[in-house]
Amino acid sequence: MRYRICSLLLLLLATPLGLVAAESPADPLNSVMWHEMHQRLLDGAPVVFDERVQVSAPAVAEDSLNLPLWIDATALGEVKRLLVFAELNPIPKVLDMQPIKAAPRIGLRIKVQQATPVRAAALTADGVWHLGGVLVDAAGGGCTAPSIGSGSSDWADRLGEVTARLWSREHHSRLRASIVHPMDTGLVAGIPAFYLEQLEIRESGGDLISRLSLFEPIAENPVLTLDLPKLKQLTMDGRDNNGNPVAAQISLESQTGGSRQ
Amino acid sequence: MRSLVFIAVMLLAGLCQAVERDYKLKPQQVADNTYVLIGHDEHFSFANGGNIVNTGFIVTEAGVVVIDSGPSRLYGEQLIAAIAQVTDKPVVKLFITHMHPDHFLGNQAFEGLPIAALEKTQDGIRLMGETFNDNLYRLVGSWMKGTRVVAPNLQVEPGLEEIGGHRLQLIAMQGHTGADLAILDQTSGVLFAGDLVFYGRTPTTPHANLDNWQSALQQLQKLDFKVLVPGHGVPVTSEVAISQTSSYLSWLQQYLKKQADSGAAMAELLQPDAPQNLRELAVFKDEYTRSLSHLYPALEAEALADGTVEQQP
Ligand SMILES: [Zn+2]
């Protein structure tokens with residue numbers, strides 16, 4: 001609810017701001033919403049459409065509740081923020097990532113309400129947003145369908161539970177983590193918005209590796225894929241918009257005696 | 001660009017609305033008294049009206065036995081008209097091989113006749129039929145005009161059934177869906193395999209269990225048939241269609257499992273490393289991408305379950 005009021009305010013502000021901010025460059029995806037998104041999500045800051053920001057997604061969403069995305073901005077070098085949005089969703093913003101020590105790339109699945117551009121915007125140190133994106137066709141209904149888990153009984157006990165695995169790769173560690181959460185958008189009558197909001201990944205008991213802000217359109221029971229510096233153990237901490245915590249320690253298999261829950 | 005094409009297609013579809021839609025169904029004889037109507041090796045589209053499927057019929061002394069009714073009321077009606085070009089005998093029974101919409105949405109044209117299917121197929125159609133119907137309207141447009149779901153009214157008992165001199169072996173299987181009916185006409189040697197077998201076209205997996213599907217294919221391979229009619233693709237006289245279906249499914253299973261075990265994200269796999277002979281199957285890219293959505297989440301959950309995690313208090 002709070003989010004919806006905020007976005008409404010932003011929407012009202014967007015038009016006058018648009019008159020003073022830099023002109024948005026022509027959109028290669030020809031989206032009618034691009035100029036508004038530029039103002040609303042990127043504050044009208046300087047942008048370039050840049051092929052070094054890759055968004056991979058199927059051309060057609062087979063399941064509008066679970067559209068897989070692979071976002072990769074590593075070709076840009078250092079990236080300060082990585083923003084993902086689905087332009088024609090009732091709630092466009094999907095993810096706001098500060099890569100910090102992680103590679104600026106991420107895999108995730110999202111809900112889409114209809115055919116929409118899906119974009120990633122990567123902010124470099126010079127204050128320029130680099131944009132990549134694709135058009136995805138969808139039968140629709142992904143945002144206004146209730147989550148599947150909220151109908152079943154056991155998700156409440158497992159809320160925030162993390163299933164994850166670390167892989168050691170040549171130059172990095174790959175983390176894949178799945179978190180039990182209904183990720184309700186608040187767009188279904190009678191079901192308030194209930195979603196994971198914040199995740200932080202740290203070296204065990206230490207330095208921050210990456211910080212993620214998540215939003216309602218991320219698919220139920222989010223599955224995230226990240227590439228981190230080489231490490232053997234990490235912690236993942238976070239919370240949802242109702243303050244329920246997520247807290248897990250994830251290790252390379254070889255590292256521990258295999259205490260697994 | 002896509003949306004422009006879409007609008008153009010919609011306009012065109014609108015202009016053609018007045019024109020009588022014609023699937024141009026042509027029965028092709030595959031054995032004595034046995035005919036097949038072969039669909040396009042494509043996806044559902046405004047151009048093909050959903051005719052991407054094979055249907056068939058057997059002219060027996062007691063009347064005509066039909067296998068699958070096609071994607072729409074119109075198809076069902078035109079199927080009956082096509083049968084009338086071949087024989088004066090009336091249709092006496094319709095078998096539905098499984099719950100997918102391109103195989104049963106023509107049922108309306110056969111209303112009042114015995115329409116037989118496996119129990120789980122009947123349940124599936126009752127549960128999902130309307131959703132399938134809506135989806136097909138979206139995909140093929142006005143070809144679907146007036147189509148509504150008619151669920152099969154008769155449960156198939158697996159075993160032998162003799163109709164007008166043809167001994168039909170009704171075989172209950174699963175794998176493509178939770179209930180797949182194969183029909184071997186022991187009199188003619190024609191095996192109607194339904195969607196357990198595809199030929200020249202990439203198999204679809206929205207309700208598939210690949211292990212069960214492979215066992216079903218092994219069972220089919222042992223049957224004594226002269227002609228095999230796949231659910232999609234041209235009829236064949238050898239095991240080639242069975243082995244092609246099997247090799248695609250085993251590649252798919254192994255490839256996705258290997259990727260899940262090595263930590264690949266789903267959307268990293270949109271350009272799969274597949275053998276050339278499988279890439280050449282019709283609509284490979286589209287069906288592979290759909291299958292990725294259907295099958296990867298379970299494989300990935302298995303792979304993640306092998307990770308080492310401690311939930312912190
Ligand atoms: Zn099928």
Side-chain angles (χ1 to χ4, degrees), chain A residues 29-31 55-63 66-72 105-109 115 135-137 139-140 160-167 169 174-178 221 223-226 233 235-237 245-261, chain B residues 1-7 9-10 43-45 131-132 134-139 204-207 256 258-272 283 285-313:
Chain A
L29 301 181
N30 274 317
S31 162
V55 177
S56 306
V60 182
E62 173 68 5
D63 174 0
N66 276 289
L67 173 71
L69 302 179
W70 178 246
I71 313 287
D72 190 347
R105 62 179 170 223
I106 187 164
L108 71 165
R109 299 206 271 271
L135 290 175
V136 174
D137 198 356
E161 187 181 302
V162 176
T163 307
R165 186 165 163 187
L166 259 180
W167 282 266
R169 294 191 165 182
R174 161 138 314 182
L175 170 66
R176 302 203 74 209
S178 159
N221 301 327
V223 180
L224 302 171
T225 306
L226 291 156
Q233 198 169 60
T235 57
M236 186 178 225
D237 293 284
V246 172
Q249 179 175 279
I250 301 153
S251 316
L252 270 182
E253 283 122 285
S254 55
Q255 183 64 16
T256 70
S259 73
R260 199 169 101 205
Q261 295 186 345
Chain B
M1 189 56 203
R2 255 186 110 78
S3 58
L4 275 180
V5 171
F6 183 69
I7 289 165
V9 169
M10 289 292 279
H43 256 299
F44 296 116
S45 71
T131 309
F132 289 152
D134 291 349
N135 277 343
L136 269 201
Y137 263 96
R138 191 173 57 79
L139 292 169
T204 65
T205 59
H207 305 96
L256 294 182
K258 188 172 146 226
Q259 296 299 329
D261 287 341
S262 61
M266 199 155 143
E268 281 183 294
L269 305 176
L270 295 170
Q271 311 291 338
V283 292
K285 179 92 176 30
D286 291 346
E287 289 300 352
Y288 161 77
T289 306
R290 295 181 68 210
S291 293
L292 181 63
S293 263
H294 306 147
L295 305 172
Y296 202 64
L299 293 168
E300 141 191 291
E302 273 173 39
L304 290 187
D306 283 341
T308 309
V309 180
E310 270 181 61
Q311 316 292 331
Q312 311 268 287

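Values below: all heavy atoms of this structure, side chains included; hydrogens, waters and symmetry mates excluded. The sequence lines fix the lettering, A, B, ..., with proteins before strands; numbering per chain opens at 1.
In this structure, the side chains of Gln259(B) and Met266(B) stay at 4.5 Å or more apart for every pair of heavy atoms.
The backbone N or O of Ala260(B) sits less than 3.5 Å from a side-chain atom of Tyr296(B), completing a donor-acceptor pair. A distance-only check finds a donor-acceptor pair linking the side chain of Trp167(A) to the backbone of Asp261(B) [under 3.5 Å].
Chosen from Ala57(A), Pro245(A), Ala247(A), Gly107(A), the residue pairing most often with chain B at heavy-atom distances under 4.5 Å is Ala247(A). When each of Arg169(A), Arg165(A), Met236(A) is scored by its heavy-atom pairs under 4.5 Å with chain B, the top score falls to Arg165(A).
The part of Arg174(A) that comes within reach of chain B is its side chain, from C-beta onward, which places non-hydrogen atoms under 4.5 angstrom from that chain. Heavy atoms closer than 4.5 Å to chain B are found in the backbone of Leu69(A), but not in its side chain. Contacts between Val246(A) and chain B at a heavy-atom distance below 4.5 Å are absent for every atom of the residue. Proximity to chain A involves both the backbone and the side chain of Ala303(B), based on heavy atoms less than 4.5 angstrom apart.
Taking every heavy atom of both residues into account, Ala115(A) and Asp137(A) meet most closely at CB-OD1, 3.6 Å.
Salt bridge Glu268(B)/Arg105(A): absent, no basic N to carboxylate O contact under 4.0 Å.
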